[in-house]
Visitor: 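Before we start, here is the structure in question, set down as structure tokens.
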2 protein chains.
Amino acid sequence: MPAAPRLDDGELLARLLEVFRAHGYEGASLTRISAATGLQRPSLYHRFPGGKQDMAVAVLDAAHARFGQQVLAPLSGKGAPSTRLRAMATALAEFYADGKASCLLDTLSLPGAPAEVRRRTKRTLGVLRSGLAEIASEAGFTPAAARHRADDAVIAIQGALVVARVAGDREPFQRVLKDLPRRLTTPPGR
Amino acid sequence: MPAAPRLDDGELLARLLEVFRAHGYEGASLTRISAATGLQRPSLYHRFPGGKQDMAVAVLDAAHARFGQQVLAPLSGKGAPSTRLRAMATALAEFYADGKASCLLDTLSLPGAPAEVRRRTKRTLGVLRSGLAEIASEAGFTPAAARHRADDAVIAIQGALVVARVAGDREPFQRVLKDLPRRLTTPPGR
DNA sequence: ATGTCGTTCCCGAACGATCGGTACACAAGA
DNA sequence: TCTTGTGTACCGATCGTTCGGGAACGACAT
């Protein structure tokens with residue numbers, strides 16, 4: 001029927017992702033978004049009738065899905081837990097551009113973002129925690145210990161991304177990823 | 001000599017700290033700052049001629065100083081490293097309101113903040129890393145190992161604050177603080 | 001082939017509101 | 001009176017958003 005989009009939905013969401021994760025919700029002005037996508041502001045409203053909040057929600061939903069497929073799915077595969085965790089670390093490195101990119105869950109969770117947006121950050125963080133807890137449990141930890149290990153891993157990833165952004169030093173992030181299997185499988189007494 | 005300020009500098013900086021650490025640089029609009037301090041915008045320009053950037057810099061400098069006195073100073077005291085680290089954990093808990101407050105280094109390091117501001121976040125993070133590395137070194141680690149331990153501790157603190165904000169769950173933050181002494185003093189093989 | 005028609009996509013222009021910032025006058029203590 | 005702090009009023013620019021219309025395309029009737 002109609003005219004072809006200048007930017008297919010996937011590419012558009014990818015550009016939006018970059019803007020939101022770099023600048024946060026309030027920092028992602030429509031002018032910046034317009035510049036990053038090549039679409040004028042009114043055109044963005046054609047794609048996202050709900051405006052900026054719609055864009056952020058779409059980005060979070062897409063990231064949630066991509067996270068499930070690329071990062072969490074390998075955890076449910078076959079092979080030793082440590083093998084699967086190494087696969088996950090590789091996926092995480094790509095997801096966060098080796099530490100160069102910030103995490104949406106961080107930048108979109110400030111109180112300036114709409115409640116709907118913040119709720120989605122909470123949801124995605126929840127599935128990440130649960131996914132890691134499950135594999136830690138599978139590696140032999142009690143449920144409580146597995147939950148602690150998983151939280152420590154999530155904390156390490158998020159913290160490493162903050163350090164990478166603030167200090168401009170990606171080495172800690174890479175080390176965290178490398179240590180991920182040990183973190184979630186090695187028993188405490190060595 | 002002259003008219004007394006409605007708010008002494010300390011209280012003013014404390015209010016500014018809350019706004020900046022909650023909303024980040026771009027989210028900390030002068031309207032929000034005005035509401036939080038009770039001062040009209042022109043009055044803020046009287047206190048900070050350089051405007052918003054001056055306020056952010058002043059907040060970071062004050063936090064840097066307070067951080068040095070309340071958090072880092074206990075590390076140079078006497079007693080076993082683990083004892084000093086417990087004192088530091090207590091100070092950190094207060095500094096971050098038990099996990100309810102975000103970290104300035106996180107929220108003020110987004111690319112929307114002026115370079116001068118981001119540089120200060122980098123500086124403060126640097127002294128934190130160095131301070132922790134020093135005490136880990138004192139606890140018997142090689143310089144390289146101490147640096148890793150310190151980075152892991154910093155990462156854990158920052159990550160725990162992100163998790164606390166996103167998930168509204170402060171338990172991981174409290175656990176990180178509790179584990180701080182072990183993290184920086186216990187040898188790897190248990 | 002030709003002409004509309006509905007649909008999809010995009011943009012120029014403009015809206016009210018808020019942004020960061022300023023000029024200036026008044027109020028209060030030395 | 002002189003200095004310092006605050007408030008009223010206002011600046012241009014940008015904020016997120018809306019309106020209306022033009023361009024491209026498939027469908028359908030002539």
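Here is how names work: the chains are called A, B, and so on, in the same order as the sequence lines, proteins then strands, and each is numbered from 1.
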Visitor: Between C1' on D/dT17 and CG on A/Leu44, what's the gap in Å once rounded to a whole number?
Guide: 12 Å
Visitor: Round to the nearest Å and state the distance from A/Arg6 atom CZ to D/dA24 atom P.
Guide: 13 Å
Visitor: When you compare the side chain of A/Ile155 with that of B/Phe173, does any pair of heavy atoms fall below 4.5 Å?
Guide: no
Visitor: Nearest of C/dC10, D/dG7, D/dT17 to any side-chain atom of A/Ser43?
Guide: C/dC10
Visitor: Do the side chains of A/Arg84 and A/Glu138 get close enough for a salt bridge, i.e. N-O under 4.0 angstrom?
Guide: yes
Visitor: Any luck finding a side-chain donor-acceptor pair between B/Ser109 and A/Arg165 under 3.5 Å?
Guide: yes
Visitor: Between atom CD1 in A/Ile33 and atom C1' in D/dT17, what is the gap in whole Å?
Guide: 13 Å
Visitor: May I ask you to list the residues of residues 46-54 of chain A, by number, that have any heavy atom positioned under 4.0 Å from an atom of DNA chain C?
Guide: A/His46, A/Arg47
Visitor: Please pick, from C/dC11, C/dC9, D/dG7, the nucleotide with the shortest atom-to-atom distance to any side-chain atom of A/Pro5.
Guide: C/dC9
Visitor: Flag the pair A/Asp152 and B/Arg175 as a salt bridge only when some basic side-chain nitrogen lies within less than 4.0 angstrom of an acidic carboxylate oxygen.
Guide: yes
Visitor: May I have all residue pairs that pass salt bridge (Lys or Arg N to Asp or Glu O under 4.0 Å) and include part of residues 36-59 of chain A, sequence neighbours excluded?
Guide: A/Asp9-A/Arg47
Visitor: Which whole-number value in Å describes the distance from A/Asp8 CG to C/dC10 P?
Guide: 11 Å
Visitor: If you define the side chain from C-beta out and look only at heavy atoms, does anything of A/Leu44 sit under 4.5 Å from A/Thr37?
Guide: yes
Visitor: Determine, for A/Asp61 against A/Arg123, whether the closest basic-nitrogen to carboxylate-oxygen distance falls under 4.0 angstrom.
Guide: yes
Visitor: Check the distance between C/dC19's P and A/Glu26's CD and give it to me in whole angstrom.
Guide: 9 Å
Visitor: Using a 4.5 Å cut-off on heavy atoms from C-beta on, say whether the side chain of A/Leu85 contacts that of A/Ile135.
Guide: yes
Visitor: Using only side-chain N and O atoms of A/Tyr45, determine if any of them is under 4.0 Å from OP1 or OP2 of D/dT17.
Guide: yes
Visitor: Find the distance B/Met55:CE to C/dG20:C1' and express it as a whole number of Å.
Guide: 9 Å
Visitor: Within this structure, what is the CG-to-P distance between A/Leu30 and C/dC10, rounded to whole angstrom?
Guide: 16 Å
Visitor: Could you check whether B/Glu26 pairs with A/Arg32 (Lys NZ or Arg NE/NH1/NH2 to Asp/Glu carboxylate O, under 4.0 Å)?
Guide: yes
Visitor: Rounding to an integer number of Å, can you tell me how far A/Asp9 CG sits from C/dC9 C1'?
Guide: 12 Å
Visitor: Let me have a per-nucleotide readout for nucleotides 9-14 of chain D, 5' to 3', with B, S or -, counting only protein heavy atoms under 4.0 Å.
Guide: BB----
